[in-house]
Protein chains: 2
Amino acid sequence: MAANILIVEDEPAIQELLALNLSQAGHNPIRALSVEQAQMLMRDALPDLIILDWMLPGMSGIEFARKLKTDELTKVIPIIMLTARGEESDKIRGLEVGADDYVTKPFSPRELNARIKAVLRRRAPQMTDDPIESHGLRLDPTTHRVTGNKKTIELGPTEFKLLHYLMSNPERVHSRSQVLDRVWGDKVFVEDRTVDVHIRRLRLALEQTGHEDLIQTVRGVGYRFSAQ
Amino acid sequence: MAANILIVEDEPAIQELLALNLSQAGHNPIRALSVEQAQMLMRDALPDLIILDWMLPGMSGIEFARKLKTDELTKVIPIIMLTARGEESDKIRGLEVGADDYVTKPFSPRELNARIKAVLRRRAPQMTDDPIESHGLRLDPTTHRVTGNKKTIELGPTEFKLLHYLMSNPERVHSRSQVLDRVWGDKVFVEDRTVDVHIRRLRLALEQTGHEDLIQTVRGVGYRFSAQ
DNA sequence: ATTTATTGTGACACTTTAATGACAATTATC
DNA sequence: GATAATTGTCATTAAAGTGTCACAATAAAT
């Protein structure tokens with residue numbers, strides 16, 4: 001939950017409406033009236049999702065989307081486009097340049113929220129607060145609890161986030177820097193090897209219930225959460 | 001329950017009907033025949049919920065809703081709109097400007113009450129006055145009394161609300177700001193850390209009956225009421 | 001088998017975060 | 001209007017969590 005969502009919309013009323021909806025749904029809206037402003041805001045911090053109006057003054061939404069999807073840094077950020085009802089060609093071109101979903105104006109808040117959740121689930125599963133379970137190991141973001149075969153496992157904040165990240169993207173190797181980016185955030189300056197230490201602490205905690213080897217080392221590459 | 005509900009409806013018969021219904025359901029109806037009158041009434045005191053007819057003389061319901069949802073002070077007040085049956089576009093536009101739900105005329109009292117309850121619960125789940133019990137700790141909102149194994153526990157107003165909120169949403173972690181929003185109300189400007197102090201006072205009070213560790217700290221995140 | 005690259009581990013200094021006690025200000029109560 | 005209760009803040013203390021490093025262990029390469 002609680003995603004940072006960048007709204008790029010030139011009409012103040014609609015922008016306001018969107019922001020209102022998002023914050024009511026527990027998100028953190030960041031507002032931009034133009035592509036230029038959006039780019040400026042993204043220099044500070046990358047959002048978790050972008051809601052992009054297709055009809056914008058200056059650089060168009062399509063161009064912006066294409067640009068975002070080309071850049072290595074931003075291509076993973078999901079984009080939901082806002083189109084006027086019936087603009088079928090927009091939808092097609094939008095999906096073509098890499099938008100993840102679209103919502104037609106006028107939109108219902110319910111629908112918008114559903115789509116946001118769906119997109120986040122697809123692109124950034126650890127942003128949603130669905131519980132994850134694997135082999136008797138269960139992590140529940142809302143209660144902030146981890147259990148192994150029903151037995152509570154105590155974890156520190158970092159270990160919790162780390163496990164959450166790994167479990168959200170199982171069967172996939174993550175390099176130390178990827179882990180640092182996603183778990184620590186991209187602002188911090190921390191040694192790569194620090195990840196090792198936290199992996200160790202995590203394994204230690206998981207030993208209580210014999211789940212420690214769900215966390216695997218891939219020599220020369222990184223770590224992986226795997227169900228054997 | 002017992003919410004103050006503002007009815008904005010120009011047809012006296014329907015207004016009367018609504019008011020009757022609401023007071024029978026234990027609420028406190030406040031009546032306005034027009035948006036202008038409603039605004040006047042809201043200068044004195046903000047209602048907990050607004051039932052708004054979409055077809056009004058003078059300023060239309062839509063405009064009024066939009067205005068309410070723009071104002072920082074009033075944007076949190078839930079709005080239920082009354083629409084004529086089948087006016088699909090009204091519903092869409094209504095939800096678009098931020099109404100929380102709608103009821104079509106002619107409406108059944110049962111349905112209306114259900115929706116009111118749902119909307120109110122969404123805003124403030126701890127507003128319901130069903131007694132809550134957990135592990136011998138019992139909180140009764142109607143009598144405003146807390147007992148631990150039948151023994152009365154004295155609590156200050158804030159501690160009571162805090163416990164009520166936590167018990168209404170057990171097992172879930174609440175950040176300090178969430179707690180502030182829900183227990184103190186979102187208008188106040190209070191330090192996050194103040195929550196700690198009240199948690200402390202609450203725990204101190206619960207110690208009399210050994211219930212203090214139902215309130216758990218989740219480091220780096222917040223607090224949780226839990227029965228484990 | 002020896003060398004080399006990589007990961008695991010324990011210890012430790014350091015930071016961050018929460019608990020606690022005291023206090024002044026405000027509000028309710030008699 | 002005096003007294004008591006309640007509140008929010010702060011300074012202090014206590015506790016928990018974090019990042020680094022040195023060295024041990026392990027796997028891969030020669």
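In what follows, chains are A, B, ... by sequence order, proteins preceding strands, each numbered from 1.
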Problem - Distance-only donor-acceptor test, A:Arg201 side-chain atoms vs C:dG8 base atoms, 3.5 Å - result: no

Problem - Rounded interatomic separation in angstrom, taking CG from B:Asp196 and C1' from C:dT17 - result: 9 Å

Practice task
Round to the nearest Å and state the distance from B:Arg224 atom CZ to C:dA18 atom C1'.
Solution key: 15 Å

Practice task
May I ask you to verify whether the side chain of A:Arg219 and the base of C:dT7 hold a donor-acceptor pair under 3.5 Å?
Solution key: no

Practice task
Please check the phosphate of C:dT9 (OP1 and OP2 only) for any side-chain N or O of A:Arg203 closer than 4.0 Å.
Solution key: no

Problem - Length of the line joining B:Glu191:CD and C:dT17:P, which is rounded to integer Å - result: 15 Å

Handout entry: Under-4.0 Å side-chain N/O to phosphate OP1/OP2 contact, A:Tyr223 with C:dT6
Key = no

Problem - Any B:Thr217 side-chain nitrogen or oxygen under 4.0 Å from OP1 or OP2 of C:dA19 - result: yes

Handout entry: Atom pair distance, as rounded to whole Å: CD in A:Gln216 and P in C:dT7
Key = 15 Å

Exercise for the section: Give a yes or no on whether B:Glu154 atom CD has more than 12 heavy-atom contacts from other residues, nucleotides or ligands under 6.0 Å away. Expected result: no

Practice task
Between A:Gly156 and B:Arg193, name the one whose nearest nucleotide on DNA chain D is closer to the 5' end.
Solution key: B:Arg193

Exercise for the section: Could you walk me through whether A:Arg203 and A:Thr217 pass the side chain to side chain donor-acceptor pair (under 3.5 Å) test, one step at a time? Expected result: CA-CA 11 Å; A:Arg203 281 176 174 157; A:Thr217 305; 2.7 Å; yes

Handout entry: Verdict with reasoning, A:Leu22 to A:Ile116, per side-chain contact (heavy atoms from CB on, under 4.5 Å)
Key = CA-CA 10 Å; A:Leu22 293 182; A:Ile116 288 175; 3.3 Å; yes

Exercise for the section: Classify the angle between the aromatic ring planes of A:Trp184 and A:His198 as parallel (below 30°), tilted (30 to 60°) or perpendicular (above 60°). Expected result: perpendicular

Handout entry: A:Arg145, CZ atom: more than 12 neighbouring heavy atoms under 6.0 Å
Key = yes

Practice task
Would you check, one step at a time, whether the test side-chain contact (heavy atoms from CB on, under 4.5 Å) holds for A:Asp140 with B:Glu171?
Solution key: CA-CA 10 Å; A:Asp140 188 333; B:Glu171 300 302 330; over 6 Å; no

Handout entry: For chain A, the stretch of DNA chain D it reaches, first to last nucleotide, under 4.0 Å of its heavy atoms
Key = D:dG17 to D:dA27

